[in-house]
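So the structure is just underneath, and the comments pick up after that.
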Amino acid sequence: MDTRALDAAVNAHFRAEASGDVDAVLGTLTEDVRHHVVGATFGPLVGRAAVRPFYEQVIADTKPSGVTPLHRWYGDGFVVDEMEWAGWLADGRLFGAPGRSGRVTFRMLHVFEVRDGLISVETVYADHAAIAAQLGGQS
């Protein structure tokens with residue numbers, strides 16, 4: 001799989017997230033997707049049906065104001081994407097961690113595996129300590 005095809009899959013996923021359309025987000029994933037937000041209280045999820053509530057909650061609880069791409073690395077069927085996310089969190093609940101509402105900026109690393117143009121694995125590493133520090137909570 002070439003980098004253009006990998007970029008197309010990942011960029012479609014990020015556009016769907018930014019649009020707030022859960023069905024569009026799920027449409028970028030394989031039916032048997034494995035989704036894991038490292039450090040989240042709910043653990044790994046498998047399958048679109050299991051992932052849906054996560055995206056419903058994230059879209060309800062976040063209002064992004066900007067994403068700054070930092071770097072992308074490519075391999076055979078995978079992409080590692082590093083970004084800085086800025087925006088507002090409702091009750092600080094992003095990724096299952098309770099806290100206060102407020103504006104935050106933090107780095108995120110996504111590891112995607114792509115199969116047949118769809119994301120089959122999404123692993124997310126977010127800077128939970130930065131989020132907690134900005135919202136006055138614990139990491």
Please determine whether side-chain contact (heavy atoms from CB on, under 4.5 Å) holds for the pair F54 and L45, giving the CA-CA distance in whole Å, both sets of side-chain angles, and the decisive distance to 0.1 Å. CA-CA 9 Å; F54 166 78; L45 305 169; 3.9 Å; yes
Which residues pass the side chain to side chain contact (heavy atoms under 4.5 Å, CB included) test with [X], not counting sequence neighbours?
X: A12; value: R15, T28
X: S120; value: T30, E113, R115
X: P44; value: H36
X: A8; value: none

Under the rule for salt bridge (charged side-chain N to carboxylate O under 4.0 Å, His left out), what residues qualify as partners of [X], not counting sequence neighbours?
X: R103; value: none
X: D21; value: none
X: D127; value: none
X: E56; value: R52

Kindly write out the residues that satisfy side chain to side chain donor-acceptor pair (under 3.5 Å) with R34, not counting sequence neighbours, or none if the list is empty.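 Side chain to side chain donor-acceptor pair (under 3.5 Å) list for R34, sorted by chain: empty.
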Minimum-distance pair of heavy atoms, taken over all atoms of [X] and [Y]:
X: G117; Y: A9; result: O-CB, 3.6 Å
X: R48; Y: L26; result: NE-O, 3.2 Å
X: I131; Y: V104; result: O-CG1, 4.4 Å

Sequence-distant partners of Y74, ring pair (Phe, Tyr, Trp, His ring centres under 6.0 Å), two or more places apart: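 With neighbours one apart ignored, the set is empty.
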Should V25 and M108 be regarded as members of a common hydrophobic cluster, given that ILVMFWY residues are connected when their side-chain heavy atoms come within less than 4.5 Å of each other, either directly or indirectly?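 Same cluster: V25 reaches M108 through Ile, Leu, Val, Met, Phe, Trp or Tyr contacts under 4.5 Å.
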If hydrophobic clusters are built by linking Ile, Leu, Val, Met, Phe, Trp and Tyr wherever their side-chain heavy atoms come under 4.5 Å apart, do W85 and V124 end up in the same one?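 Yes, it is one cluster - the side chains of W85 and V124 are joined through contacts under 4.5 Å.
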Candidate pair H128 and F106, rule side-chain contact (heavy atoms from CB on, under 4.5 Å), full reasoning: CA-CA 8 Å; H128 296 277; F106 62 96; over 6 Å; no
Does any pair with a residue in residues 1-13 pass salt bridge (charged side-chain N to carboxylate O under 4.0 Å, His left out), and if so which ones, sequence neighbours excluded?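 For residues 1-13, and leaving out neighbouring residues, the salt bridge (charged side-chain N to carboxylate O under 4.0 Å, His left out) pairs sorted by first residue read D2-R4, D7-R72.
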Please write out which residues are connected to L109 in a hydrophobic cluster, directly or through intermediates, given that two of Ile, Leu, Val, Met, Phe, Trp, Tyr count as joined at side-chain heavy-atom separations below 4.5 angstrom.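 Answer for L109: V38, W73, F78, V80, V111, Y125.
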Rounded to the nearest 0.5 Å, how far apart are CZ of F112 and CG of D81?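 Reported to 0.5 Å precision, the distance equals 6.0 Å.
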Let me confirm one number: the OG1-CD distance from T62 to E17, rounded to the nearest 0.5 Å.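 Rounded to the nearest 0.5 Å, the OG1-CD separation comes out at 8.5 Å.
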Sub-3.5 Å donor-acceptor pair from the side chain of Q57 to the main-chain atoms of P53, do we have one?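 Looks like no, no N/O pair under 3.5 Å.
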Close aromatic pair by centroid cut-off 6.0 Å: H35 and F42: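 They do not qualify: ring centres at least 6.0 Å apart.
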Tell me, with the steps shown, if S65 and W88 meet side-chain contact (heavy atoms from CB on, under 4.5 Å). CA-CA 8 Å; S65 62; W88 185 84; over 6 Å; no
Trace of the side-chain contact (heavy atoms from CB on, under 4.5 Å) decision for H13 with E122: CA-CA 11 Å; H13 181 73; E122 179 179 7; 3.2 Å; yes
